[in-house]
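Basis for what follows: all heavy atoms, side chains included, without hydrogens, waters or symmetry-related copies. To find a chain, count down the sequence lines: A is the first, B the second, and so on, and within it residues start at 1.
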Protein chains: 2
Amino acid sequence: MRTILEAAERVFAANPAATMEQVAQAAGVARTTVHRRFATREALVEELTGWAARQFAEAVASAHVDSTPPLVALYQVTANVLRVKTNWWFAMSRTGDRAHPEAARVHEEVRDDCERLLRRAREAGVLRPDADLGWTRRVYYALIHEAAAEGVAEGGEAEALATRVVDALLRGFGSPTAPVIA
Amino acid sequence: MRTILEAAERVFAANPAATMEQVAQAAGVARTTVHRRFATREALVEELTGWAARQFAEAVASAHVDSTPPLVALYQVTANVLRVKTNWWFAMSRTGDRAHPEAARVHEEVRDDCERLLRRAREAGVLRPDADLGWTRRVYYALIHEAAAEGVAEGGEAEALATRVVDALLRGFGSPTAPVIA
DNA sequence: ATGACTTGCAACACTTATGTTGCGAGTAAT
DNA sequence: ATTACTCGCAACATAAGTGTTGCAAGTCAT
C-alpha cells in the first residue's frame, strides 16, 4: 500500500528508529497488516529506498543536465532534487546505501552526472578554473542537504531554496572586494 | 574510565547503534565493567556528549572570536572546531541534543558567538552587505560538517580543511566574471 | 447468497539488548 | 598477612521489538 509507505516516510523522517507499531499507527492500520505487505522491517525500508531512488533518478534525468547550459542545468537539477528530497527526507537519506543495489546504482549515476555537469561548468567559465571539482561536488551536496532540511522543517518553495543553494555555491558570502584567504 | 569513553567514541562513530558489548570489547573490558562505571547506555552517551561539549566550548573560546579581526577569527575558530569534531565525531553529533542541558547551553552560546562574528564580518566588509546571516551560518555549519566528515574518513590537517571551508564560504566556486543567478 | 479477499485482534514464539547480582581471582597498599 | 579494591565470568531477569498464526468480521464482485 502506498498509504503505508507514505506513513513510514513520515514516521521515519521524524525518528529513524521508529517502530513498526508506530508506522502502522500512522498509517491507520494494524501492525500485522504492515507485516502482511512487508515481510520484515528491512523489506519496508528497502521498498522506501527504492521508491525514493527512482524519484531521485527521474528528478535528475528531467533536468537534461547534459544538453542544457551549465548554469541553467545546475539550477534546474537543484530545484528538482530539492522537491524530491523535502518530500522523501528519510528515504533519500538511504540513497547511498550499499545494501540496496538499485539505490547504489542511481547514486553513482547521479554522481557521475554531477561531476560531468561541474566539469562543463568549469570549462564554460561558470566555475573558477582552479575549482577542486571533488570538493565542489561535496559542498554542493551539503548545500542541498541543508536547504532540504530547512524545507522539511519550515516548508518553502523548491525554486527559492535552489536559488539560494546555487548562489551560495557560486558566489559564497564574501564581499568581492575582500582579501582572499589562500 | 577514559579508556571506555574513547572506545565508545570510536565504536559509536562507526555505528551509532552499536552495542554495549561492542563498546566493552573495543575498550578491552567486560561488559559488566562498563555497566559498573556507567549505569545505563544513556548515561554513557550523556557523559560522552558532555565531554565533547566542553571540548567544543573550549575550542571556540580559545579563538577569541570577539577580539580578533573577523577574518582571522573565522579561520581560527574553524580550525579549532574541526580539530575537535574530527576526534569526537559521534559525541559532537549530539551537541545539539536538547536532552543534555550542558550541551544545549554550549550549543546556544556558540551559535550566538557565531552570529556575532558573522555580523562583525559583514560590518567589516568581509561578508557582502546583503548576506543573509541565518543562511550564512547554516551553510558555514554544513561546510564544517562536511570537512570534518572528510577529516574522519581520510585524515587531513585541520588547518588545510579550515582553509577550504573559509574559502568556500567566502568565495564560493564560481568565476568572478560569471553572471549572477539572482 | 456465495466465494475470494482483506483487515483487525489476540496470542504466541523468538531474538536481542539491557541491566543486575554473586563469586572468585588478581592486584596493591599498609 | 590482612584489607580493600577492581575486574572477569557466568547466570539471571527483564523489556521491547519482530515476525507468525488462527480466527472472526467486514467488504466487494458476481
Side-chain angles (χ1 to χ4, degrees), chain A residues 1-53 88-104, chain B residues 1-53 88-104:
Chain A
M1 300 306 218
R2 183 163 306 174
T3 313
I4 297 178
L5 278 181
E6 286 168 355
E9 163 57 35
R10 283 198 307 275
V11 171
F12 288 149
N15 170 25
T19 298
M20 297 292 271
E21 179 65 46
Q22 294 173 261
V23 172
Q25 201 168 340
V29 299
R31 187 173 63 92
T32 45
T33 303
V34 178
H35 270 109
R36 266 189 268 263
R37 177 67 189 81
F38 305 96
T40 70
R41 185 187 208 278
E42 199 184 346
L44 170 58
V45 172
E46 255 186 39
E47 195 130 332
L48 212 46
T49 305
W51 179 256
W88 300 89
W89 178 256
F90 168 76
M92 283 293 294
S93 74
R94 304 242 140 207
T95 305
D97 203 336
R98 286 112 190 88
H100 196 295
E102 185 184 3
Chain B
M1 303 302 214
R2 182 164 306 174
T3 313
I4 296 179
L5 278 180
E6 287 169 354
E9 163 59 34
R10 282 197 308 275
V11 171
F12 287 149
N15 170 25
T19 298
M20 297 292 271
E21 177 66 46
Q22 295 174 261
V23 172
Q25 202 169 340
V29 299
R31 186 172 65 92
T32 46
T33 303
V34 178
H35 269 109
R36 264 188 271 262
R37 178 65 189 82
F38 306 96
T40 70
R41 186 188 209 278
E42 199 183 347
L44 170 58
V45 172
E46 254 186 40
E47 196 130 332
L48 256 185
T49 305
W51 179 257
W88 300 89
W89 178 256
F90 168 77
M92 283 293 293
S93 73
R94 303 242 139 207
T95 306
D97 203 337
R98 283 108 192 91
H100 196 295
E102 186 184 4

Quick one: does A:Thr19's side chain have a donor or acceptor within less than 3.5 Å of a partner on A:Gln22's backbone?
no
Do the charged groups of A:Glu47 and A:Arg37 touch, with an N to O distance under 4.0 Å?
yes
Minimal heavy-atom distance between A:Ala91 and A:Leu48, with the atoms involved, is CB-O, 3.6 Å
To the nearest Å, give me how far apart [atom1] ([X]) and [atom2] ([N]) are.
X: B:Phe38; N: C:dT18; atom1: CZ; atom2: C1'; result: 16 Å
X: A:Arg41; N: D:dT20; atom1: CZ; atom2: P; result: 15 Å
X: B:Glu42; N: C:dA17; atom1: CD; atom2: P; result: 19 Å
X: B:His35; N: D:dT14; atom1: NE2; atom2: C1'; result: 13 Å
X: B:Glu21; N: C:dG19; atom1: CD; atom2: C1'; result: 13 Å
X: B:Met20; N: D:dA15; atom1: CE; atom2: P; result: 18 Å
X: A:Gln25; N: C:dG8; atom1: CD; atom2: P; result: 12 Å

Earlier contact from the 5' end, DNA chain D, for B:Arg36 and A:Ala39
B:Arg36
Look at the side chain of A:Arg31 against the base of D:dG19 and say whether a donor-acceptor pair falls under 3.5 Å; ignore hydrogens and angles.
yes
So what does A:Thr40 touch, heavy atoms closer than 4.0 Å: a base, only the sugar-phosphate, or nothing?
sugar-phosphate
I want to check something: taking the side chain as every heavy atom from C-beta on, are B:Phe12 and B:Trp89 in contact at a cut-off of under 4.5 Å?
no
Picking from C:dA10, D:dG8, C:dT7, the nucleotide nearest the side-chain atoms of B:Thr33 would be D:dG8
Does the side chain of A:Thr32 get closer than 4.0 angstrom to OP1 or OP2 of C:dG8 through an N or O atom?
no
